[in-house]
2 protein chains.
Amino acid sequence: MKRRPRQSDVAALAAVSPAIVSLVINDRADSNVRISPETRQRVWDAVRELGYVANPIARKLAGNQNRLLGVFTYEAIFPLEYRNFYYPFLLGIEEEVQAQDYDLVLFTRASGPDGKRSIYQDSINSLQITDGAILLGVHENRSELSRLVQEGFPFVFIGRREIPDGAISYVTADYGEATRTIVEYMVRQGHQHIAYLRPPENREATLDREAGYRLAFQQLDKPLIEQHIFAGNSEEVTPQLIERFFVEGITAFLVENTPLIRRVLEIARQLGKSIPRDFSLALLGDHTEEIDPIPDITTFLIPRKEMGKEAVRLLVDLLSHPDEPHVRQVALPCTFVAGQTVAAPFRAK
Amino acid sequence: MKRRPRQSDVAALAAVSPAIVSLVINDRADSNVRISPETRQRVWDAVRELGYVANPIARKLAGNQNRLLGVFTYEAIFPLEYRNFYYPFLLGIEEEVQAQDYDLVLFTRASGPDGKRSIYQDSINSLQITDGAILLGVHENRSELSRLVQEGFPFVFIGRREIPDGAISYVTADYGEATRTIVEYMVRQGHQHIAYLRPPENREATLDREAGYRLAFQQLDKPLIEQHIFAGNSEEVTPQLIERFFVEGITAFLVENTPLIRRVLEIARQLGKSIPRDFSLALLGDHTEEIDPIPDITTFLIPRKEMGKEAVRLLVDLLSHPDEPHVRQVALPCTFVAGQTVAAPFRAK
DNA sequence: CTGAAAGCGCTTACAG
DNA sequence: CTGAAAGCGCTTACAG
């Protein structure tokens, strides 16, 4: 089996030096490089004849770039459960990466002995074989992210991520504005008291929603009652809590995720309350799983595909300005979906 | 920003040569390397003191391997339409690639100006940046495959693919045996005449099914009537054809794909025939789209995920024996699904 | 048991 | 306009 041709083979065939091959192939028109069209032609002919393809690894070592972009996820990239969740991101990433003329490396190897994925394997950054990477995933490791930032490795996270000792480039969905919009919409429908149920973890995506909720009240000059915000898991949502909400005049619920909403629906059913007659309901983000009794919920759509594309654009932008290590942070608007689960409160009619 | 420490820094601090650092770090206990425990200790101390981390790029270049496996598809890798179709393959590929300790490269760049994907860009094999690749897709280009084989580039196709001037490694589903099983099942149920509807293209997957159909008749010592095999597109399936089948005593239909089956159902409805009372029906492979009026069809499941995994295994096997360029061809068994669409023929009862 | 040297396949100043 | 040389940071025979 014959060996892969390398640069020097091409150079020999074209009767030029290896350096010229490199310059021609990379189309380095800049500075003092002026190569005659004839020489270029000879080089390309030789390349074609030998079927030469530059070794990306050598390229990376020598020149520090190889037009390879990485995708690293903290969960399996093609997971059954998250199927509908990751897919649109990848769709956007692939599309834009192709448009930007890069290839994609999926870091499947980056997983420790415990099966958990991590960027640093034996404390070496496995992303380094690419020019830069897009990271995504819910169960990310913040200290790894810090280290990545410190090292100066170019990457963009899909989702807002903050670290104590630096700033991360990201593209997120504008959960705050989307939440604010829904609150405003509910208030316009006549709802005076709106409960907000969120998970206990202070993830950025949750904080953004809560900020939007608070902002809406502030803008509408309505007093915000702290007890109307519930932070906890679905198991902690008790009939007593929901009943208390009703007693306190709550007529609408803003719920952050599917488990919480399932729980609310279950309890409401027990209490004999129905939607949208007895209360209104909105989900703060599109659901990837069906919520059984509700086919048409009021919610907002997260622009996942567009986020994937934007992440690639940011990354490429980052790579083309290595001198100014500016952090890029972008929030893309969500689309409001007026479903059947929000109506004017009954008493207000 | 201070420069990352490199091997020579460690060597200097530990007062040994760089080679020793490499040997110690990689724990090369083999052959003639015997390094005193004291030296090892000094090296590790230096490593720790400097926070040295080997550069993976340099490592790969020197070690002559990059542990990168490619995935090339002739359609977009994350296509909306084919969503359910490709997904399981990728699932299996990712799982096994991870197990084998490789990373994955997706060739998003490999598409010409016309938008059609091809392996050879400007007649250059773009897969070469990987150690080997898995190919999949329906609209493949045979001459590219031939060229790939000629070049000796290691790859495995998912699906059987034949070329005139060589042999391709592949993993396929055993469509022949699966089809044979269904015919046998139908015959046991009492069907004497079974029609087989297939697309006009002589793709390997179709030929395999037809061979299974023929083999079943041969094994059962039943005469096979050539007119009972229909090769054509769904538009070419006419009411006359189906009526003729019924007149000729056909009580069961073997149909290869979803468009054909939709057409058969449509005509049958017009003729007032119902399943499984008036005729039995089986689909030769699992459907990724729902077939409207039939929730529970008799068919076989294609082991897509397992095919993805097996493809990776074959490829890794290929790579570990570069000396013997043996072609590997594997057919994985399908799972028979006894649905509600096959029953004993009415007259036989 | 360890060092000196060559080489992996590129890119990038630096000369001319 | 092009060549010779150094260097990217490692690994791997080959000596001793």
Side-chain angles (χ1 to χ4, degrees), chain A residues 3-43 46-47 50-68 122 124-126 128-129 131 151 322, chain B residues 2-44 46-47 50-68 124 128-131:
Chain A
R3 162 179 77 62
R4 253 181 76 172
R6 55 188 175 223
Q7 200 180 61
S8 59
D9 298 325
V10 175
L13 185 58
V16 294
S17 74
I20 296 292
V21 176
S22 173
L23 294 174
V24 169
I25 280 180
N26 293 316
D27 204 20
R28 300 288 307 275
D30 42 87
S31 61
N32 338 11
V33 267
R34 198 139 301 170
I35 299 172
S36 69
E38 294 75 34
T39 308
R40 287 183 191 279
Q41 190 57 50
R42 277 214 316 284
V43 170
V47 164
L50 296 174
Y52 170 72
V53 174
N55 178 333
I57 298 295
R59 223 168 185 165
K60 185 77 186 155
L61 183 59
N64 220 22
Q65 58 157 327
N66 58 8
R67 298 206 80 78
L68 247 33
D122 288 323
I124 94 172
N125 170 2
S126 48
Q128 283 187 77
I129 64 165
D131 290 346
E151 276 185 14
Chain B
K2 63 171 189 294
R3 167 176 77 63
R4 266 180 63 175
R6 53 187 178 224
Q7 201 179 61
S8 58
D9 298 326
V10 176
L13 185 60
V16 295
S17 74
I20 295 293
V21 176
S22 172
L23 294 174
V24 169
I25 280 180
N26 294 314
D27 205 20
R28 299 288 309 274
D30 41 88
S31 63
N32 336 9
V33 267
R34 199 139 300 169
I35 299 172
S36 70
E38 295 75 33
T39 306
R40 288 181 190 278
Q41 190 58 50
R42 277 211 318 284
V43 170
W44 280 119
V47 164
L50 296 175
Y52 170 72
V53 173
N55 179 331
I57 300 294
R59 222 166 186 165
K60 283 186 173 174
L61 183 57
N64 205 25
Q65 55 153 337
N66 62 9
R67 299 207 78 81
L68 246 33
I124 293 167
Q128 285 190 69
I129 65 168
T130 60
D131 289 344

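Lettering follows sequence order; numbering is per chain, from 1. These numbers come from the heavy atoms of this one structure, side chains and all, not from hydrogens, waters or symmetry mates.
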Report task. Could you check whether A:Thr39 gets within reach of a base, just the sugar-phosphate, or nothing at all, counting any heavy atom under 4.0 Å? Result ->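 A:Thr39: backbone/sugar contact only, no base atoms under 4.0 Å.
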**Report entry** side-chain hydrogen bond (donor to acceptor under 3.5 Å, both in side chains) partners for A:Asn55, two or more places apart
**Finding:**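 Expected list: none.
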Query raised in the report: Applying the side chain to side chain contact (heavy atoms under 4.5 Å, CB included) test to A:Val43, which of A:Ile35, A:Val16, A:Leu23 qualifies?
Result: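 Looking at A:Ile35, A:Val16, A:Leu23, the match for A:Val43 under the side chain to side chain contact (heavy atoms under 4.5 Å, CB included) is A:Val16.
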Is any side-chain N or O of [X] closer than 4.0 Å to OP1 or OP2 of [N]?
X: A:Ser36; N: D:dT2; answer: yes
X: B:Ser8; N: D:dG9; answer: no
X: B:Gln7; N: D:dT11; answer: yes
X: B:Arg59; N: D:dT11; answer: yes

Can you measure [X] atom [atom1] to [N] atom [atom2] for me and round it to whole angstrom units?
X: A:Tyr52; N: C:dC10; atom1: OH; atom2: C1'; result: 7 Å
X: A:Arg6; N: C:dC8; atom1: CZ; atom2: C1'; result: 9 Å
X: B:Glu38; N: C:dC1; atom1: CD; atom2: C1'; result: 11 Å
X: A:Arg42; N: D:dT2; atom1: CZ; atom2: C1'; result: 11 Å
X: A:Asp27; N: C:dT12; atom1: CG; atom2: C1'; result: 16 Å
X: A:Asn26; N: C:dC10; atom1: CG; atom2: C1'; result: 9 Å
X: B:Leu50; N: D:dG9; atom1: CG; atom2: C1'; result: 15 Å
X: A:Ile57; N: D:dT11; atom1: CD1; atom2: P; result: 14 Å

**Report entry** Residue pairs, two or more places apart or on separate chains, that pass salt bridge (charged side-chain N to carboxylate O under 4.0 Å, His left out) and touch residues 12-23 of chain A
**Finding:**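 Found none.
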Requested in this report: Using the salt bridge (charged side-chain N to carboxylate O under 4.0 Å, His left out) rule, collect all pairs that involve residues 7-20 of chain A, keeping only residues at least two apart or in two chains.
Outcome: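 For residues 7-20 of chain A: A:Arg3-A:Asp9.
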Query raised in the report: Are the side chain of A:Asn66 and the backbone of A:Arg59 linked by a donor-acceptor contact shorter than 3.5 Å?
Result: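 No; judged by distance alone, with no hydrogens or angles, the pair does not exist.
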**Report entry** Any residue meeting side-chain contact (heavy atoms from CB on, under 4.5 Å) with B:Gln7, in chain and number order, not counting sequence neighbours
**Finding:**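 Here the qualifying residues are B:Pro18, B:Val21, B:Ser22, B:Tyr52.
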Report summary line: Under the rule of Watson-Crick or G-U wobble with both distances under 3.5 Å, where | means paired to another strand and [ ] a crossing pair, DNA chain C maps to |||.||||||||.|||
What does the list of N/O pairs under 3.5 Å between the protein and nucleotides 3-7 of chain D look like, with a distance for each?
| residue | atom | partner | partner atom | Å |
| --- | --- | --- | --- | --- |
| D:dG3 | OP2 | A:Ser17 | N | 3.1 |

Report task. Evaluate the side-chain proximity of A:Arg6 to A:Val53: yes if any heavy-atom separation is below 4.5 Å, no if none is. Result ->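 Sidechains of A:Arg6 and A:Val53: no contact.
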Report task. Could you check if a side-chain atom of A:Leu68 sits within less than 4.5 angstrom of a side-chain atom of A:Asp131, using non-hydrogen atoms only? Result ->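 In short, these two side chains do not touch, never coming nearer than 4.5 Å.
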Query raised in the report: CG of B:Leu13 to OG of B:Ser8: how many Å apart, nearest 0.5 Å?
Result: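 One gets 11.5 Å once the value is rounded to the nearest 0.5 Å.
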Query - Point-to-point distance, once rounded to the nearest 0.5 Å, from CD of A:Gln128 to CG of A:Leu61 - result: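 Output value for this atom pair is 11.0 Å.
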Requested in this report: Ignoring the backbone of A:Asn55, work out which of D:dC10, C:dC10, D:dC1 is nearest its side chain.
Outcome: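 My answer, after comparing the listed nucleotides, is C:dC10.
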Query raised in the report: Side chain of B:Ile35: nearest nucleotide among C:dT2, D:dC10, C:dC8?
Result: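 Of the options given, the side chain of B:Ile35 lies nearest C:dT2.
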